[in-house]
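Just so it is clear, the structure is predicted and the values come from calculations on it, not from any experiment.
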Amino acid sequence: MSAVERARAGVERVTPTLMVEEVDRLAVACDLVSRRYGDYVRLAALLGLRAGELTALQVGDVNLTTGVVTIRRAFSAGELQTPKSRRVRQVPVLAELVPILDRLTNGRRPAEPVLLGPLGGRLYHSNFRTKVRWSALVGELGWPGLRFHDLRATAIVLWIRAEVPLTTVRALAGHASLATTDRYARIARNDLAGAAAQVDSYISRTRGEHAQPVEDHGNGPD
């Protein structure tokens, strides 16, 4: 798990993000309660949508022919509204989401919600949290304090690690400014710095361990 720092009212808040394998672990744990809850986690972590956007997603918003999901609406305080950015946006469907979205949308009417609860009605985020025991679950998996919204951050950081341009990431995430997107880019830069530090440490530890004295006979090539 990595972390992104987010500035709020002058205070840097650390936002944890998961690796793809960790997302799989979390989704599988939710599958044990309901496969629909596991789908909810996978879509959040790989589409980068807010909970309200995901639960408001309709079958007609998913186009697997073009590989695009269009975000037109979001639930907020129980009411259907425009997305937080006030703009319609689109996000790409990653290959591993295609079979999931096909299963969730195939043969269904355009106005139906993509995500349904275990009993067949609309999926409610509050019910999801209660049924999977979210706080306890993420603690048991080793990520105490992880919020569902952090799965959105996971997707954003994944795009940045894959070297998607920040201007494109901003559009995909629906950020109001590039400065917001850049907060997520910090983790990618920190990854590089951390990798360099690890290599430097390895070189320092192993320098000279395997070195053999070289005899110079004066007749070798320069």
Side-chain angles (χ1 to χ4, degrees), residues 6 15 17-18 23 26-27 30-31 33-132 134-135 137-138 146-159 168-177 180-181 184:
R6 298 186 66 193
T15 301
T17 65
L18 301 181
V23 171
L26 177 58
C30 292
D31 282 336
V33 180
S34 170
R35 188 182 190 185
R36 291 173 175 176
Y37 288 155
D39 290 339
Y40 186 37
V41 166
R42 293 178 180 93
L43 292 176
L46 294 178
L47 286 178
L49 305 190
R50 301 173 178 93
E53 294 171 342
L54 267 175
T55 53
L57 201 63
Q58 295 181 359
V59 171
D61 298 327
V62 178
N63 189 327
L64 295 181
T65 301
T66 59
V68 166
V69 169
T70 302
I71 296 86
R72 297 184 172 91
R73 64 195 74 77
F75 278 108
S76 180
E79 296 184 0
L80 203 57
Q81 302 179 8
T82 57
K84 186 177 180 180
S85 64
R86 305 292 185 224
R87 299 174 184 173
V88 173
R89 72 182 194 279
Q90 295 182 318
V91 294
V93 177
L94 303 185
E96 63 183 88
L97 289 184
V98 171
I100 296 174
L101 286 171
D102 182 60
R103 169 167 48 81
L104 294 175
T105 61
N106 190 27
R108 300 180 62 210
R109 294 188 297 273
E112 291 186 84
V114 170
L115 289 163
L116 300 175
L119 299 180
R122 180 169 70 83
L123 189 151
Y124 289 87
H125 183 69
S126 57
N127 289 350
F128 160 79
R129 285 184 54 88
T130 299
K131 295 297 185 181
V132 302
W134 178 266
S135 297
L137 176 63
V138 295
L146 184 79
R147 304 173 307 167
F148 186 85
H149 190 71
D150 297 332
L151 298 180
R152 169 173 157 82
T154 293
I156 294 169
V157 169
L158 180 64
W159 296 333
T168 302
V169 173
R170 175 192 173 186
L172 297 178
H175 287 155
S177 71
T180 301
T181 308
Y184 293 89

Looking at CD of Glu53 and CG of Leu43, how far apart are the two atoms once the value is rounded to the nearest 0.5 Å? 13.0 Å
Where at least one partner belongs to residues 54-66, residue pairs that pass salt bridge (charged side-chain N to carboxylate O under 4.0 Å, His left out), sequence neighbours excluded: Asp61-Arg72, Asp61-Arg73
Name every donor-acceptor pair, under 3.5 Å, that has one atom in a side chain of residues 93-106 and the other anywhere in the protein, sequence neighbours excluded.
from: Arg103; atom 1: NH1; to: Asp39; atom 2: OD2; distance (Å): 2.9
from: Arg103; atom 1: NH2; to: Asp39; atom 2: OD1; distance (Å): 3.1
from: Arg103; atom 1: NH2; to: Asp39; atom 2: OD2; distance (Å): 3.4
from: Thr105; atom 1: OG1; to: Leu101; atom 2: O; distance (Å): 2.7

Determine whether Arg129 and Ser135 satisfy the following criterion, side-chain contact (heavy atoms from CB on, under 4.5 Å), listing intermediate values before the conclusion. CA-CA 8 Å; Arg129 285 184 54 88; Ser135 297; 3.6 Å; yes
Closest approach of Cys30 and Leu137, non-hydrogen atoms and distance? SG-CD2, 3.9 Å
Here the pair of heavy atoms bringing Ala155 nearest to Ala44 is CB-O, 4.3 Å
From Asp150, Leu146, Val132, residue fulfilling side-chain contact (heavy atoms from CB on, under 4.5 Å) relative to Val138: Leu146
With sequence neighbours excluded, tell me which residues meet salt bridge (Lys or Arg N to Asp or Glu O under 4.0 Å) with Asp31. Arg42
List in chain and number order the residues that pass ring pair (Phe, Tyr, Trp, His ring centres under 6.0 Å) with Phe128, two or more places apart in sequence or in another chain; answer none if no residue qualifies. Tyr37, Tyr40, His125, Trp134, Phe148
Leu172 and Pro92 have their tightest heavy-atom pair at CD2-CD, 3.6 Å
Those residues at least two apart in sequence (or on a different chain) that pass salt bridge (Lys or Arg N to Asp or Glu O under 4.0 Å) with Arg36 are none
Tell me, please, which residues at least two apart from Glu112 pass salt bridge (Lys or Arg N to Asp or Glu O under 4.0 Å). Arg108
Flag, side chain of Thr17 to backbone of Ala153, donor-acceptor distance under 3.5 Å: no
Listed by chain and number, what are the side chain to side chain donor-acceptor pair (under 3.5 Å) partners of Thr70, not counting sequence neighbours? Gln90
Are side-chain heavy atoms of Pro118 and Asn127 found at a separation under 4.5 Å? no
Taking only residues two or more places apart in sequence or in another chain, which ones pass side chain to side chain donor-acceptor pair (under 3.5 Å) with Asn63? Thr66
Hey, could you give me the CD1/CG distance between Ile71 and Leu54, rounded to the nearest 0.5 Å? 8.5 Å
What I'd like to find out is whether the side chain of Val69 reaches to under 4.5 Å of the side chain of Val114, using heavy atoms alone. no
For Arg122, side chain to side chain donor-acceptor pair (under 3.5 Å) partners two or more places apart: Tyr124
Going through the distances and angles, do Leu57 and Leu115 end up as a side-chain contact (heavy atoms from CB on, under 4.5 Å)? CA-CA 7 Å; Leu57 201 63; Leu115 289 163; 5.9 Å; no
With sequence neighbours left out, the residues meeting salt bridge (Lys or Arg N to Asp or Glu O under 4.0 Å) with Arg109 are none
Checking Ser76 now: which residues fulfil side-chain contact (heavy atoms from CB on, under 4.5 Å) with it, not counting sequence neighbours? Gln81
Got a second to check how far Leu158's CG is from Leu46's CG, nearest 0.5 Å? 7.0 Å
When every non-hydrogen atom of Ala56 is compared with those of Ala74, the smallest separation belongs to CB-CA, 3.7 Å
Could you work out, with ring pair (Phe, Tyr, Trp, His ring centres under 6.0 Å) as the rule, every residue matching Phe75, not counting sequence neighbours? none
